[in-house]
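Working notes, beginning with the structure itself.
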Amino acid sequence: MAEILPPSPVGKVSPEVLKVFRRLKAIPGDDFRCRFALPFDNTRRPEFFVIYRDCFAFVIAVSTITAWMAEDIVQGSFTRLLLGAENPLTPETFGVDEEETLVSFADILAAEGDGRAAVPPSCRVIAFPNVPQALLDRIRQARGGADCVYLGSDRMQGEGLGIALAEMARTPLGPDTIESIRREFSPEIVIPGSFTPARRKVRATGAALTEYLLDYKQEAAVKSDLALTEEGQQATAAPEAALRLITGVAGSGKSLVLLHRAALHARVHPDRCRLILTHNIPLIHELARRHSLLIEDANTTCIHFMKWCHGLLPRRPDRILKRYEQEDLVRALAAANHSVRGLPLHFLIEEIEWIKDYGVGSLDRYLRARRAGRGRPLAEHQRRAVWRLFSDYEAALAKRDANDWPGLALRLLQAVETETVTLPRYDAVFVDEAQFFAPVWLRIVRRLVAAAGAELVLAADPTQGFLKRRESWSASGLEVRGRTTRLERAYRNTRAILDFATAFYSARLPDDDEEVNLPTGEAVMELPPGSAPVVLASSSRQDEILRTANEIRRLIAEGAAPGDILVIHCESAHIEPLLERFNAGSGTVPASHAQREPRLGTVRVCSINACTGIEAPVVFVLGIDALLECEAAPVLDADERLDLVRDNTRRLYVAFTRAVARLVLFSNRADLFGTSAPYPVPGD
């Protein structure tokens, strides 16, 4: 069948519009892309826009005139009883309203500079689902012609509408013209120019246009399975899907699609409530900013998942343990627990967090747990020892009236399960970077949507999943088979940057058996070539910071905006020294901590674990060698080492693909990145 979006009508529509909708949907094959106009503003638009074989296009207005009204005209009588003697329906007034709609639509495009021929008369169609073609031809002859095509009911029966449109396809339109029509017909697919720093030229939006358009697959992901109005439900026999997964390669627009879908839900249901969640503080600021650009919507909450959890707990802990405090506590408890000696500190902390992330509530369950993705296997006596450490750790937290982040989510889930907390009601929940949501988090989200029968939309890229998830979606209770849209075209990066990142990933993990989303060679070749990433040798961490600060000053002096620069450090402990160096002395670099107080117009600085979902024209990546050196630690066994290599590779792949146009990284690893490029350092 032909692609039609949305797949069911939205808003109040006439029976005639429903007839044409069904006829378009019934066209066999995949030569046609059909769009139904969404009634979200006061602009006068035709009901349908149809693209045939990507080079022919039709705009279709639908008439509600009945067969007996048309017969009256042919017989010479007036429809006085229906319309009144002052406004009789005659050959001269027949179809005028629909024709004016088509002409007005063409005039809007002409005013944008594409000329009246953007929608030539042969591409403007009035569909009469109630009137036979023979009657239409007689009325048209009596009228003396019309500035559009009349299409009768008998030409729309069965597969007839597709045949009729194919026969009418005599005037091919260029891709620029078709994109111009798409933009005017479907303003909900417009991407504001400030959404992305990648000033890519979209096919045919005109030289002066700064907005971009969702591509066809992105548009399908936005409009598929929309929450339907009553008329839309009557037009389809398929039940409304409550779950949708959007996945794809880095830079393919997953977050973009999620936000457009949330905005579309707000337009369809302005009085209903929506929730947008993610794990990443810098990203939640960006999501909130972008959503406000799409629509003014007081009923949508955009919030960090842990902050949302914290706000729901009736009695909150005094504070959340900082990472160094957690390390000190686990180190002290492990020293007193001789059975866990020999297990690395980082492993013990991660195992405690894993127990909470998976909601393992008892020793018996822990002894039977699969521990998927944990790398280091544990014998029964070791599990018992780790559980004792876990119990001591929990007791110590309670004594301090403190908690950690994984414990916060687990505490909320337990409060919901015991009915101590009642989850708020949302009609739609949108989760960005869902690959980072631990099983306990997803159980909370599932309860949230189940309680209200809400729609759930997830955006995720398993290639970037290096923090939490190590199990399938179905194991998390989410059945995404048949409800997944995979975006394969990358837009964010240049070809040089994406080639570099993909080659690095493939060289490090040539036999990776986990699900990944890497771009195809064809998709990469569609990107602009760009400049090769610059790899710089580094003598020390301080040298990296100094050289980065000097280069940023030079870029700003040459006209670069500080807000277009992102600095990613692989070691979280070095974020503060980096900011101090940037903001101190005579050569100040305006910089802010993207994980705490991101400020507009400043260089953003964040850790590698916090960079997912954000982007910038220029990206610096520091601390790579220190990250990779951990892979050679003698305390790691073979499985742990492989797991760490996989996680670090994905971390760096994500960091590299944050760069839109220019990537600079520091490393002495010639085996991975080749010979370091020469690097002028002003002011050294």
Side-chain angles (χ1 to χ4, degrees), residues 320-400 402-411 436 438-441 465-471 509 514 570-573 607-609 623 625-651:
I320 301 297
L321 224 59
K322 292 183 172 57
R323 187 66 178 185
Y324 74 87
E325 293 176 312
Q326 185 184 37
E327 291 174 353
D328 291 344
L329 176 57
V330 174
R331 185 183 293 109
L333 294 173
N337 186 341
H338 300 291
S339 302
V340 296
R341 286 185 178 177
L343 295 177
L345 177 65
H346 74 86
F347 171 83
L348 293 173
I349 293 174
E350 290 173 0
E351 190 73 4
I352 288 172
E353 293 181 344
W354 181 89
I355 289 171
K356 295 187 177 186
D357 283 338
Y358 279 73
V360 181
S362 67
L363 172 60
D364 182 60
R365 287 184 59 191
Y366 183 54
L367 292 176
R368 293 184 286 108
R370 288 180 55 246
R371 299 179 64 253
R374 288 297 296 130
R376 181 188 289 265
L378 292 178
E380 181 179 336
H381 73 279
Q382 291 176 305
R383 293 198 188 201
R384 291 182 180 276
V386 170
W387 189 262
R388 284 196 298 273
L389 176 69
F390 172 74
S391 300
D392 293 341
Y393 174 78
E394 289 295 279
L397 288 182
K399 187 176 180 179
R400 299 183 183 197
N403 211 332
D404 54 21
W405 290 117
L408 193 68
L410 180 59
R411 183 176 166 187
F436 293 131
V440 161
W441 305 15
F466 51 78
L467 291 181
K468 296 290 182 189
R469 299 195 70 257
R470 291 296 196 212
E471 60 180 27
L509 299 173
E514 292 192 8
C570 297
E571 298 177 276
S572 298
S607 69
I608 195 168
N609 285 348
D625 289 351
L627 181 74
L628 300 181
E629 284 169 7
C630 297
E631 299 169 359
V635 296
L636 299 176
D637 62 23
D639 290 334
E640 285 181 305
R641 184 167 287 107
L642 177 60
D643 204 47
L644 186 58
V645 168
R646 180 184 293 112
D647 284 355
N648 286 342
T649 302
R650 294 185 174 189
R651 282 181 168 91

Is any side-chain heavy atom of [X] less than 4.5 Å from a side-chain heavy atom of [Y]?
{"X": "K356", "Y": "D404", "value": "yes"}
{"X": "I355", "Y": "W387", "value": "yes"}
{"X": "R323", "Y": "I349", "value": "yes"}
{"X": "L329", "Y": "E325", "value": "no"}
{"X": "E351", "Y": "L378", "value": "yes"}
{"X": "R371", "Y": "V360", "value": "no"}
{"X": "Y393", "Y": "Q326", "value": "yes"}
{"X": "T649", "Y": "R646", "value": "no"}

Discussion item. Against E380, only a single residue in R383, R384, Q382 fulfils side chain to side chain donor-acceptor pair (under 3.5 Å); can you say which?
Written reply: R384

Discussion item. Within this structure, what is the CZ-CD1 distance for the pair F347 and I352, rounded to the nearest 0.5 Å?
Written reply: 10.5 Å

Item to complete: Run the numbers on Y358 and Y366 for side-chain contact (heavy atoms from CB on, under 4.5 Å), then give the verdict.
Response: CA-CA 10 Å; Y358 279 73; Y366 183 54; over 6 Å; no

Worksheet entry | Backbone N/O of L636 and side chain of R376: donor-acceptor pair under 3.5 Å | no

Worksheet item: For L348 and L333, what are the C-alpha separation, side-chain angles and deciding distance, and is it a side-chain contact (heavy atoms from CB on, under 4.5 Å)?
Response: CA-CA 11 Å; L348 293 173; L333 294 173; over 6 Å; no

